[in-house]
Every structure is written in structure tokens, then in C-alpha cells.
Q: 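Okay, here's the structure, questions in a sec.
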Number of protein chains: 2
Amino acid sequence: MSATVRRVTVDHDSAVPPYRQLAAILRDRIASGDPAPGAALPSAKTLRQEYGVAETTARKAVALLRDEGLVETIMGGGSFVAKH
Amino acid sequence: MSATVRRVTVDHDSAVPPYRQLAAILRDRIASGDPAPGAALPSAKTLRQEYGVAETTARKAVALLRDEGLVETIMGGGSFVAKH
DNA sequence: CCCTATTTGTTCGTATGTATT
DNA sequence: AAATACATACGAACAAATAGG
């Protein structure tokens, strides 16, 4: 019974663009409760470091989640997981 | 009875970001029937030249209209005024 | 209240990939 | 095959809002 290992990185050689991959990763993290509703997502700068993408790419990923209503952003404050 | 002259350019010193100004300009143009429904908007490159903004900024303006359902974009083809 | 660091918003320029014409 | 057009990425820069001491 070997557990399935899921790679949690961004693959720049994939057909799926990095910003969509990162959005998917963040969606999964939120679905698993980390970060929890009301809690902040990592900053764009942190996402850049953690996933090896440009800061602008990280922002684009978060913007996608914002458009989906999954997160709410406060300018200068951060992006937070929506509660409802 | 002097007609009101409306400036149709992007002001980089305005509080309103250029991409929003350009989106408003294009909205007005579409509302006035130019371009007409089904017709193509100027390309991002043309918008760059006509309004003095970066191509990426022009794309962001068009993306806004796309999100509003005002235009439809065909990759490699162009952006067209929605018909309904 | 002030100063500083952090964080998001936006722009620009450049480069590459992919689809259309 | 070539030119045009959209999609995406990266890096650098500055503004504006926020957070913390």
C-alpha cells in the first residue's frame, strides 16, 4: 500500500501555464484547509520563492482564485481565504 | 453653445490606471458602434501605438471587456465585439 | 503619531510559444 | 511559408495601502 506522492511544484515544461498550475495548487491547499477560511495566503513574494515563479505570475494565480470568489484581497494587506 | 470636447487619450498622471482608462475608451467606442458588433477591435499592437500604452496594458484593458462579456477573443485571431 | 517594512496594484520592456490569417 | 495576433512569463520599477513597533 504505497501512498500516491503528489508533486507540488510548478513545471515550466508543462502545457499548462505556470499561473494555472499554481492556482490549482493553491485551490488544493485551500480545499485541504491550509490556509483555513479567514487566514491569509502566502504573499506574492513568498509564493515566488516557494514555487519558483515570477511575482507577477504568482499574482496572476491569486487573481484567478479571486475571480472565482475563493479568496478576497485587501490591497496592502494580503489575500485571505473566503469564508462562505 | 459650445460642444463638449472629450479627450480620447490615456493620461498617465491620472489616478485612474491606464488600463481602466483604455477600457472605458473602448467601451465608449463600442457603444457608439465603432467597431460594430461582430467587427474586430484594434490589435493590442495597434492599441499600443494609438494610445501610448504598453502592449500588456492594452491586453489588460481588452481582458476587462472580455470579462464583462462585451468582446470575445480568438487566440491568434483577434478580439471581436460581442453580438448579443 | 511616526517611521519602516510588508504587500498588493500597476506599468513597462522583452522574449517565447501558439494559433490564425 | 510568412506575417499577424493573442497568451504567457520574467524582471525591474514605482505607487498606494496596510501592519507593526
Side-chain angles (χ1 to χ4, degrees), chain A residues 8-27 29-30 34-36 38-82, chain B residues 8-27 29-30 35-36 38-83:
Chain A
V8 188
T9 59
V10 169
D11 175 14
H12 283 253
D13 293 336
S14 164
V16 180
Y19 84 97
R20 287 189 188 282
Q21 291 182 52
L22 180 52
I25 290 170
L26 294 176
R27 243 181 253 114
R29 285 184 54 173
I30 291 171
D34 171 44
L41 264 68
S43 71
K45 183 181 175 186
T46 299
L47 290 174
R48 177 195 86 195
Q49 299 169 333
E50 290 183 344
Y51 295 101
V53 296
E55 211 167 296
T56 50
T57 302
R59 289 185 196 291
K60 198 165 179 178
V62 174
L64 212 55
L65 304 185
R66 185 167 51 243
D67 287 348
E68 295 170 3
L70 204 60
V71 309
E72 292 167 1
T73 298
I74 296 178
M75 152 91 147
S79 288
F80 306 82
V81 180
Chain B
V8 188
T9 58
V10 168
D11 176 13
H12 278 72
D13 293 336
S14 164
V16 180
Y19 84 98
R20 286 190 188 283
Q21 291 182 52
L22 180 51
I25 290 170
L26 294 176
R27 242 181 252 115
R29 285 184 54 173
I30 291 171
L41 263 68
S43 71
K45 183 181 175 186
T46 299
L47 290 174
R48 177 194 87 196
Q49 298 168 335
E50 289 182 346
Y51 294 101
V53 295
E55 215 168 293
T56 51
T57 301
R59 289 187 195 291
K60 198 165 179 178
V62 174
L64 212 55
L65 304 184
R66 185 168 53 244
D67 287 347
E68 295 171 3
L70 204 59
V71 309
E72 291 166 2
T73 298
I74 296 177
M75 149 90 143
S79 288
F80 306 83
V81 180
K83 287 180 178 171

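Note that these values count all heavy atoms, side chains included, but never hydrogens, waters or copies made by symmetry. None of the values given here were measured: they were computed from a predicted structure.
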Q: In terms of side-chain geometry, is the basic nitrogen of B:Lys83 or B:Glu72 positioned less than 4.0 Å from the acidic oxygen of its partner?
A: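 Looking at B:Glu72 together with B:Lys83, the answer is no, because their closest N to O distance does not fall below 4.0 Å.
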
Q: Just to be sure I understand the rule, does B:Glu55 reach a base, reach only the sugar-phosphate, or reach nothing, if contact means heavy atoms closer than 4.0 Å?
A: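 The residue B:Glu55 makes no contact with any strand.
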
Q: What range of DNA chain C does chain B touch, first nucleotide to last, counting atoms under 4.0 Å from its heavy atoms?
A: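 Nucleotide range with atoms under 4.0 Å of chain B: C:dT10 to C:dT20.
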
Q: Categorize A:Thr56 for me: base, sugar-phosphate, or nothing, with a 4.0 angstrom heavy-atom threshold over every strand shown.
A: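 If one applies the 4.0 Å heavy-atom cut-off, A:Thr56 turns out to touch a base.
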
Q: In this structure, how many angstroms lie between the P atom of D:dT18 and the CD1 atom of A:Ile74, rounded?
A: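 Checked: the CD1 to P distance equals 8 Å.
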
Q: In the strands shown, is D:dA1 matched to any nucleotide by a Watson-Crick or G-U wobble pair with both distances under 3.5 Å, and which?
A: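 Base partner found: none.
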
Q: Could you state the atom-to-atom distance from CZ of A:Arg20 to C1' of D:dA9 in whole Å?
A: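 These atoms are roughly 14 Å apart.
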
Q: Could you check how far CG of A:Leu47 sits from C1' of D:dC10, rounded to whole Å?
A: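 Taking atom C1' of D:dC10 as the reference, CG of A:Leu47 is at 16 Å.
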
Q: Could you state the NZ-P distance from A:Lys45 to D:dA13, rounded to the nearest angstrom?
A: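 Going from A:Lys45 (NZ) to D:dA13 (P), I get 15 Å.
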
Q: Distance check needed: D:dA9 C1' versus A:Tyr51 OH, whole Å only.
A: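 The answer, rounded to whole Å, is 19 Å.
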
Q: Rounded to the nearest Å, what distance is computed from the NZ atom of residue B:Lys60 to the C1' atom of nucleotide D:dA7?
A: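 It works out to 15 Å between those atoms.
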
Q: Report the distance from atom CG of B:Leu65 to atom C1' of D:dC6, rounded to the nearest whole Å.
A: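 One finds 15 Å between C1' of D:dC6 and CG of B:Leu65, rounded.
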
Q: Choosing from D:dC10, D:dA9, D:dT18, which nucleotide comes nearest the side chain of A:Pro17?
A: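 For A:Pro17, the side-chain atoms sit closest to D:dA9.
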
Q: Tell me which of B:Ala58 and A:Thr46 sits closer to the 5' end of DNA chain C, going by the nucleotide each one is nearest to.
A: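 Final value for this comparison: A:Thr46.
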
